[in-house]
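To keep things clear, I will list the structure first and then write my remarks on it.
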Amino acid sequence: MTDTTTTELPKAYHPAEIEAGIAERWLASDVFAPDGKGATAGPDAEPFTIIQPPPNITGSLHLGHAQRAAVEDLMIRHARMTGKAALFLPGLDHASIAAQFVLDGIIAKEGETRQSLGRERYLERMQEFVVATQAVILGQERRLGASLDWGRLRYTMDDGSAKAVRTAFTMLYERDLAYRTEALVNWCPGCRTSVSDLEVISTPETGAIWSIRYHLVDEATGQPTPGETITVATTRPETILGDTAVAVHPDDDRYHALVGRRVRIPFVERDVPIIADEVVDPSFGTGAVKITPAHDRDDYETGKRHSLAMPSILDDTAAVAGTGTAYDGLDRYDARAAILADLHMRGDLAREQPHEMVLGRCQRSDDVIEPRLKTQWFVRAAPLAARALDATRSGRIRIVPGQFEKTWEHWLTTIRDWNVSRQLWWGHRIPAWYCSDGHVTVSAAPDGPASCGTCGRTAAELQQDPDIFDTWFSSGLWPFSTLGWPDDTPDFRRFHPTSVMETGYDIIFFWVARMVMLGIELTGAEPFHTIDLSGLIRDPLGQKMSKTKGNVVDPLAMMEEAGADALRFALIHGATPGQDQRFGPQKLELARNFANKLWNAARFVLGARPADLPADAPRVVPDAADLRVADLWIRSRAAATTDAVDRALADYQFGEVTRALYDGIWSEFCDWGIEFAKVELADQENSPAERAATWWNLVDALDRYLRLLHPVMPFVTEAIWDALPHRAADPAMLIVARWPEGGGRDARLDGQVGEVIETIVAIRNARAQADLPAAAWLTTEIAPPADAYVVFAQLAPQVGRLARARPLTLRSRPTDLIRPEGALEIVLSAGGIEAVILPPSDAGAGADAGIRDRGRLEKELGEAEGHLAAAQTRLANESFTAKAPQAVVEGARTRAAELEEQVARLRERLGR
RNA sequence: GGGCGAUUGGCUCAGUGGUUAGAGCACGCGGUUCACAUCCGCGGGGUCACUGGUUCGAAUCCAGUAUCGCCCACCA
């Protein structure tokens, strides 16, 4: 398998083509599965599992999904390369209510509705719809290079999930953590279902508040008294029809005498009591509140406290119903208008004022949510939340970044019971059956219970609950249902609890908290040890991307244009944990350019193979004795990048990973490493063995960078790596190659070569400032620092070429430099380096150059003096020298001494 | 009403106590050197939102203010 030869790369970098070819190779070799035929991790390898949010099956992926996949795939590829049994399980979510909302829209165009099709045909349509969309989604994930184990593809509506849902619910029911009761729920009249508290979006709106006079009842006659009224304030006059009391505050003197009296509710002509309750704020409105227990959360509580009747006055479509008034059948808003008009006619509408308020709207349909009394299934939240909180407080689950722990705490400590039943069709049926006596039988059996658990009536006499589960109930089981739970499968045993759950912070409550709560309760273990929360992708203006705004960009188009690698890099590069990022074409361009740069660097390395190196020469570790100082520096910097990448990965700082790689590969390896190596490879004074060593060293460095970059840009790195000569122990593909070892950096050498680089930059700078011809070779003398003289001497050919400084002479001391009239002077603070550059005599620029050079030196002197003054002030401060760490003080002293030296020399040069 | 986050060069963003605050883009100047013009070289550009505090030392920690954004929230 091992291929020691070098292959040529095509001159131009065409990402789309390269990526298609590589994807094919990966899929064919089955390397994505931790136990596939191409996997390198043995059966005893440490398992590592990433939990990704299964995308909704309703549509195609957007940039947010692409970012999820990029980050998750980065982690999983890294884990795979470190020898772990890395499982990245693909999946899809049936997205119950979201899917129905989409499908309802589609069939509406055909003139159909849910009701007109009927449950059976509607579900058939849904099935057709999701089959089509799932192909699109999975194709997009593949295109992105997500190394998902396709053989384990799961779906929240598959048989395994169905079994998990039934079992989970049965367990909760048996533990009294799921119960059925009549309670006030959030009703969406558009979706015709209840929704959870999370699906109600608080929306500030300007509405109106009306003051309405209710007439007190004369207890003697039993008739309302025309002159005696109490005025209540309401924003929803239509709910008058459901009023069963008027409440005032017990300490409110204005109404004290009225408590216990009765008022007549108009239209329904019902007499209801005036009650005293602490819930009333005497300073708001009139201080008297109408109580509608069946259609308001506060009133419901008040109603329970006072044992009030709770008549419902709205039907499933939020039309008035069952009041026995003329308003029955009217939509709630039409009824409101009619009632207001009628109240006005009766003279009982006291006033109307604009009013700022917060309305609950349906997350899906935007309809105003109506609180209604319904018999529903609930999951008891408090005990589950307590265990979830314990998991994070004890550190068994870590939330990254930590700032989200507060959010987590707050939500879980104020959580209310979760309404899990939905009056929808697309989803898992609630496994509860009722007999004619109303006994409830909950069963996890695929075909339901054999008989009523209470009275023994046969299955045929039982009726299954028509409702389905909230879609998040099945997603909440995802980490373990996908591994085989409730069965004790090999996957479940091996991969659960999983490792890292990664998602956007927007579904921390919907999904993450539910997984933790249900996971701990049902499996006895936290479903993952780390919650990694990413920020959201926004458009270049900082707006959320949405179809209605029309600012959604198709990831596929971006990948076609710039490559999946570029898209991945761009998405990861801009990511700071938990922070949103604006995403625009510039970021993609940066990433595409980087891929192109790497491609060309690789082309250079491959093409630079010494001609006298036999084509079949095995890849060797270059003999240290044959390595030049430039080679050692390249090696040291690659090691430094490795350490930086490792640190960033350990901290989930993925943006840092790409920054370290971008700088390491571009600014160090390409800008200096390759340029240095070119000189060594061309130097005929180097022996063939030395030139070979330099080349093998370049290959080593490139190989290392490719490994480090592979999790971010898998395709281009795989393609280049394939063209490199491999080591004997290497596998056939980079995706399963070993992650580089850390360590090996030579800080002293880095410092000295750093001074060489500074000198080259300074010479280029002086040349440019003096407006000397870019192509001219300049006679130059350098006086390097004494301790770096050897390194300067070894890199002198590089300095000569990169600074176009030839002939180049090194002097031991600055005083040894020969300074002809009109020469450019360089005085660096670092290491006391000085250099003298002789402008070309034929350029005729000598005099001019000297003047410009003087300007540059003046400016440098000014800067140096400023820094020196600051350094001296710091050192003159006794508490600084006494209290600051010794190393810091030493550093400041050295710095001051260097600056002092530089200032003195600059002054001398300038004749001051 | 509560909570969280942001505020750093023209733009987009890094940088969680220590020399001279960085990057990409944009901008100016110069480049047909055999990896790359999707490139190379050089440069200009920032009182790190404001005020106060802690500290020998603050973009960084604390308090407050302002602006923007997000999340949570049953005052009719």
Side-chain angles (χ1 to χ4, degrees), chain A residues 9 11-13 184 202 209 232-236 239 247 279-281 283-286 288-292 296-301 355 357-358 360 371 403-404 406-407 409-411 414 505-506 508-509 535-536 538 540 542 544 562 566 573-574 576 578-584 586-587 589-590 592-608 655-656 659 662-663 667 670-671 674-675 678 761 764-769 771 773-775 801-802 804 829 863-864 866-867 870-871 874 877-885 887-889 891-892 894-896 898-899:
Chain A
L9 290 174
K11 183 161 170 26
Y13 167 60
L184 211 58
S202 301
I209 187 164
V232 297
T234 182
T235 55
R236 295 194 302 157
T239 62
V279 79
V280 181
D281 176 357
S283 64
F284 186 89
T286 60
V289 190
K290 59 190 271 318
I291 301 296
T292 320
D296 182 277
R297 196 172 288 284
D298 277 339
D299 294 359
Y300 177 65
E301 295 301 324
H355 184 63
M357 55 188 186
V358 175
Q403 74 227 30
F404 285 105
K406 267 198 170 173
T407 317
E409 284 274 336
H410 179 253
W411 191 71
T414 59
Y505 65 75
D506 54 335
I508 182 167
F509 307 136
L536 275 28
R538 296 176 173 278
K544 248 183 169 168
H573 193 58
T576 307
Q579 285 308 324
D580 294 353
Q581 67 162 312
R582 298 177 189 203
F583 195 85
Q586 301 88 344
K587 293 191 175 180
E589 204 171 309
L590 163 92
R592 196 249 345 238
N593 292 352
F594 178 57
N596 182 66
K597 183 73 180 178
L598 176 71
W599 182 261
N600 282 294
R603 285 208 311 125
F604 169 79
V605 171
L606 291 168
E656 277 305 315
R659 271 183 282 283
Y662 188 93
D663 289 347
S667 309
C670 292
D671 287 355
I674 285 182
E675 296 304 326
K678 279 179 185 172
V761 169
R764 286 170 173 171
N765 177 4
R767 169 207 296 276
Q769 300 285 307
D771 233 353
R801 169 168 165 158
L802 298 180
R804 291 187 88 74
S829 68
E863 281 170 7
H867 294 145
R874 189 176 311 122
N877 185 342
E878 274 176 35
S879 40
F880 170 67
T881 47
K883 291 185 182 172
V888 173
V889 178
T894 311
R895 170 83 182 135
E898 281 184 345
L899 284 165

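Values below: all heavy atoms of this structure, side chains included; hydrogens, waters and symmetry mates excluded. Below, chain A is the first sequence line, B the second, and so on; all start at residue 1.
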query = Quick one: which of B:rA76, B:rC72, B:rU33 gets closest to the side chain of A:Arg804?
reply = B:rU33
Distance in angstrom units between A:Leu590 CG and B:rU12 C1', rounded = 11 Å
ask   = Considering every strand shown, what is the Watson-Crick or G-U wobble mate of B:rC25 when both distances are under 3.5 Å?
value = B:rG10
note = Here the pair of heavy atoms bringing A:Lys290 nearest to A:Arg236 is NZ-O, 4.2 Å
task = Assess A:Lys597 against A:Tyr662: is NZ or CZ under 6.0 Å from the centre of the six-membered ring, and within 45 degrees of the ring's axis?
result = no
key: Closest to side chain of A:Tyr662, choosing from B:rA76, B:rG24, B:rC56   = B:rG24
remark   = Nearest heavy-atom contact between A:Val605 and A:Ile674 is CG2-CD1, 4.5 Å
ask   = Mind checking whether A:Phe284 and A:His355 have parallel, tilted or perpendicular rings, split at 30° and 60°?
value = perpendicular
remark   = Closest non-hydrogen atoms of A:Arg874 and A:Phe880, given as atom of the first, atom of the second and distance, are O-CD2, 3.3 Å
key: Closest non-hydrogen atom pair between A:Ala871 and A:Leu899, with its separation   = CB-CD1, 4.5 Å
Shorter than 3.5 Å, N or O on both sides, protein versus nucleotides 40-45 of chain B: list them out with atom names.
unit_1 : atom_1 : unit_2   : atom_2 : d
B:rC40 : OP1    : A:Lys597 : NZ     : 2.8
B:rC40 : OP1    : A:Trp666 : NE1    : 2.6
B:rG41 : O3'    : A:Arg764 : NH1    : 3.2
B:rG43 : OP1    : A:Asn765 : ND2    : 3.3
B:rG44 : OP1    : A:Lys859 : NZ     : 2.5

remark   = When both distances are under 3.5 Å in a Watson-Crick or G-U wobble arrangement, the nucleotide paired with B:rU33 is none
